[in-house]
Amino acid sequence: MQLTIEQFRLSQELDQLGSISEAPPPVVTRVVFTDADVRGREFVKSLCREAGLSIRDDPAGNTSARWQGSDPGLAPVGTGSHIDAIPNAGRFDGTVGVLGGLEAIRALQRAGFRPKRSIELVIFTSEEPTRFGIGCLGSRLLSGLLDPSAGESLKDRDGISLNQARASAGFTGSLATVALPRGYYSAFAELHIEQGPLLEQRQVPLGVVTAIAAPASLKIQIEGEGGHAGAVLMPGRHDAFLAAAEIALAVESAALSTGSIDTVGTVGVCDVFPGAVNSIPSRVRIEVDVRDIDQPRRDAVLRQIAEACDKTAAKRHVKIHSEMVNADPPAQCDPIVVNALVQACETHKIRFERMISRAYHDSLFMSRIAPTAMLFVPSRGGVSHRPDEYSSPEAIAQGVLVLAEALSRLSS
Ligand SMILES: [Zn+2]
């Protein structure tokens with residue numbers, strides 16, 4: 001089989017998808033179920049139709065595009081990723097796995113390969129937590145890890161429920177029907193940019209992912225007492241923002257306290273109410289993200305943060321309510337899928353390294369229902385979630401080539 005990757009065409013398609021954004025280029029902002037997201041989905045679906053794939057949307061907005069195998073009764077092989085993007089993001093996160101997955105299928109078609117198992121390209125809904133505060137919404141629902149009642153309970157900042165938002169994007173029906181049974185896919189492989197600096201630093205073209213780190217996220221509400229910034233004197237204050245600041249610093253020291261480079265803690269959201277320069281903050285909401293590849297160590301950090309909340313509440317006489325949004329276990333990748341990727345690298349004489357994914361991906365959840373692994377391509381400067389995020393067309397093409405080879409092995 002002679003596999004060739006149409007690198008130039010793929011780059012153009014990545015650029016075209018990147019231009020479908022709520023912000024002017026090079027900024028990509030494509031939040032789930034917004035107009036840009038809907039247009040992005042349409043663009044990808046039109047390319048899938050061109051490739052002769054049959055398309056199915058589920059009520060959560062996950063899309064699968066199927067290349068029918070010669071034995072359609074067999075469980076299909078899955079590949080894919082996401083196309084939603086956080087505000088002020090770049091062109092490659094997620095999209096490389098979607099458009100690259102499609103190019104892998106087209107390369108197999110061009111080579112005259114005929115899969116025995118069907119191959120399905122999956123476009124997951126809302127991998128990014130931007131709108132509903134929870135990442136990997138689509139793959140969580142697919143894997144049955146998120147209760148379908150989330151449709152009503154999850155709301156965005158404007159109070160729009162997940163059910164309302166998906167309906168506005170054309171996805172209706174019960175979320176209870178989204179979950180796939182274990183074994184629905186015989187294997188799942190996700191191509192993704194590394195989003196870190198290791199491959200580039202080590203000058204290794206590809207990373208075969210053997211485990212995915214476990215993220216946990218917290219929403220912390222702090223209620224203090226507002227008042228006039230001039231009239232209320234310092235000793236009598238119960239400033240909600242200052243309590244939040246103490247907690248944020250506690251997150252940093254808790255993450256540092258493990259002594260492991262693999263523990264990371266971030267406060268990425270801070271909403272201050274009423275948000276006026278001459279008003280003492282009465283209410284603050286912060287969101288905390290803690291990750292590690294070692295679950296007990298990560299959970300110890302979460303306990304330290306909880307203790308810091310209790311101490312701060314007592315010291316500053318504020319009310320603190322903390323809610324665990326998610327605390328997922330880490331995923332071990334499946335040796336069969338890892339080996340298919342490794343053998344594909346060897347077949348095409350492309351150097352690779354086994355590595356761990358510290359970022360959060362749909363594969364974390366797919367691993368619950370299917371043998372799963374991931375393939376990373378280098379990110380320039382390790383930069384991601386920024387407009388200057390970049391992976392070279394050559395690097396992406398190597399990833400697509402290995403993905404195509406692995407898909408052919410897994411679907412034969
Ligand atoms: Zn991603």
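Counting starts at 1 for both ligands and their atoms, in listed order. As a basis for the values below, the full set of heavy atoms in this structure was taken, side chains included, without hydrogen atoms, waters or symmetry mates.
- The aromatic rings of Phe33 and Phe171 sit tilted, their planes meeting at an angle between 30° and 60°.
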Discussion item. Could you walk me through whether His385 and Phe92 satisfy the ring-ring contact (aromatic ring centres under 6.0 Å, His included) test, starting with their C-alpha distance in whole Å, then the side-chain angles of each, then the deciding distance to 0.1 Å, before giving a yes or no?
Written reply: CA-CA 9 Å; His385 282 189; Phe92 300 95; over 10 Å; no
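- Residue side and main chain included, Asp93 places an N/O/S atom under 2.8 Å of the Zn ion (ligand 1).
- Within His82, the N, O or S atom at minimum distance from the Zn ion (ligand 1) carries the name NE2.
- Ionic pairing of Glu120 and Arg56 is not present here: no N-O contact between side-chain nitrogen and carboxylate oxygen is shorter than 4.0 angstrom.
- At a cut-off of 2.8 Å, His192 coordinates the Zn ion (ligand 1) through an N, O or S atom.
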Discussion item. Under the criterion side chain to side chain donor-acceptor pair (under 3.5 Å), I'd like the reasoning laid out for Ser257 against Gln304: C-alpha separation, chi angles, the key distance, then a yes or no.
Written reply: CA-CA 10 Å; Ser257 74; Gln304 281 189 53; 3.0 Å; yes
